[in-house]
Asks: 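There's a structure below that I have some questions on.
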Number of protein chains: 2
Amino acid sequence: MSDATPGLTPEELGAYFALVEVSNVLQYAVDAHLRAEGDLSYLQFQILARLTDTTGGRLRMTDLADGLVHSRSGLTYQAGLLDARGLITRSPSPDDERSVLVTVTDAGRALVARVLPGHVADVRRLLFDPMAEGDLAALSEVLGRVRQHMRATPPRSAKPRAKGRRKS
Amino acid sequence: MSDATPGLTPEELGAYFALVEVSNVLQYAVDAHLRAEGDLSYLQFQILARLTDTTGGRLRMTDLADGLVHSRSGLTYQAGLLDARGLITRSPSPDDERSVLVTVTDAGRALVARVLPGHVADVRRLLFDPMAEGDLAALSEVLGRVRQHMRATPPRSAKPRAKGRRKS
DNA sequence: TATTGTTATACTCTATAACTATA
DNA sequence: TATAGTTATAGAGTATAACAATA
């Protein structure tokens, strides 16, 4: 990709590769830790963490799916696993009978609490320890800008909402 | 995770989440484009790109695997797919009969060439367009430091080289 | 008719272990 | 014995489509 890269300077290319590599190594390490420590995938941890971080510890499936998963059936699958382990419960919403309320159980909260310190330690060791003065602020600013732009720009041919949507 | 995050400041947590989110959205978009445009996964594209970027267009399986894949069988699997599509060829190395030399075919090069502009355009649009003056340099510097540290620090309980290694 | 969620199914990918062959 | 690679196999995860129920 050295010469054959129209449109990206070597520095841009390097930054792109560094971003992907750093993020991948980080996620791989974190995922390994979560599996070893709590038998949780990163995704499962994120589901629990998001619930734990919500007042009441409950969310609708749809709200929970947002940003975590690309298909609704994927969330159903993962929720099924967490449910089977007693980490969450599911019950129909009183407001809207179509909805399902997902609630973290005490066991779920306990597992998050048990796993979190190591998780955080991994992130600190891999991501923040090597940083120099000012790096954190710089990184936050740049990534914040990029993220904001990404969120404002649904992935070009994004799946707006519902079901079928083909390039046809 | 708001209150229950010992050891990470809110800003650190935000930077961590932003990093993961930005990288994931980027990779998801790029992967989708590669599949639509060339029926290639990101991993397959990286294999081809790495070969294309090598003098002679050939590498040993082992060298090729480095950094791309976590198990040797994974690379064999992917190489099998690319081979079946005529994008690479595999042949025993003349130097070391145990080794396999992987070579990009013309078709492989052509496919990379066809897919690259769109790939690069995606990266530019998602990652670099929203950046402000100086952002690129800042990002490169921070990530470069982090990456260097990661490479120097094999993931704690890394798989040093060979086969079996269990927590037992 | 649109929305919420589940299920069935098929497929992709990954990883471990066993195996072959060469050094 | 160690290294390079393949294969068998099994498991985890994902996505699409069909479905049921409620709004």
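Chain letters run A, B, ... following the sequence lines, proteins first and then strands; every chain starts at 1. Note that the structure is a prediction, hence the values are computed from the model and not measured. All values below were derived from every heavy atom in this structure, side-chain atoms included, with hydrogens, water molecules and symmetry-related copies excluded.
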Asks: Name the residue closer to the 5' end of DNA chain D, choosing between A:Asp95 and B:Ser99 according to the nucleotide with the nearest heavy atom.
Replies: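 Going by which nucleotide is closer to the 5' end, it is B:Ser99.
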
Asks: When you check the phosphate oxygens OP1 and OP2 of C:dT14, does a side-chain N or O of B:His70 lie under 4.0 Å from one of them?
Replies: no

Asks: Does any pair with a residue in residues 16-25 of chain B pass salt bridge (Lys or Arg N to Asp or Glu O under 4.0 Å), and if so which ones, sequence neighbours excluded?
Replies: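 Every pair satisfying salt bridge (Lys or Arg N to Asp or Glu O under 4.0 Å) with a residue in residues 16-25 of chain B: A:Arg147-B:Glu21, A:Arg151-B:Glu21.
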
Asks: Roughly how many Å is it from CZ in B:Arg58 to P in D:dA4, rounded to a whole number?
Replies: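 It is 18 Å, rounded to the nearest whole Å.
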
Asks: In whole angstroms, how far is the C1' atom of C:dT22 from the CZ atom of B:Arg60?
Replies: 13 Å

Asks: Could you work out, with side chain to side chain contact (heavy atoms under 4.5 Å, CB included) as the rule, every residue matching A:Ala132, not counting sequence neighbours?
Replies: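 A:Ala132 satisfies side chain to side chain contact (heavy atoms under 4.5 Å, CB included) with A:Asp135, B:Arg145 only.
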
Asks: Quick one: which residue pairs count as a salt bridge (Lys or Arg N to Asp or Glu O under 4.0 Å) with a foot in residues 33-45 of chain B, not counting sequence neighbours?
Replies: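 Only B:Asp31-B:Arg35 qualify under salt bridge (Lys or Arg N to Asp or Glu O under 4.0 Å).
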
Asks: Among all residues two or more places apart in sequence or in another chain, which pass the side chain to side chain contact (heavy atoms under 4.5 Å, CB included) test with A:Arg58?
Replies: A:Leu101, A:Thr103

Asks: Would the number of heavy atoms belonging to other residues, nucleotides or ligands and lying under 6.0 Å from CD of A:Gln148 be above 12?
Replies: no

Asks: Starting from P on C:dT6, measure out to CG on A:Leu64 and report it in whole angstrom.
Replies: 11 Å

Asks: Could you pull out all residues at least two apart from A:Arg109 that satisfy salt bridge (Lys or Arg N to Asp or Glu O under 4.0 Å)?
Replies: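 Counting only residues at least two positions away or on another chain, A:Arg109 forms no salt bridge (Lys or Arg N to Asp or Glu O under 4.0 Å).
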
Asks: Starting at atom OH of B:Tyr42, determine the distance to atom P of C:dC13, rounded to an integer number of angstrom.
Replies: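 About 16 Å, once rounded to whole Å.
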
Asks: So if I define the base as every atom that isn't primed, P, OP1 or OP2, how would nucleotides 6-13 of chain D read as a B/S/- string at a heavy-atom cutoff under 4.0 Å?
Replies: BB----SB

Asks: If I take atom CZ in residue A:Arg98 and atom C1' in nucleotide C:dT3, what distance separates them, rounded to the nearest angstrom?
Replies: 5 Å

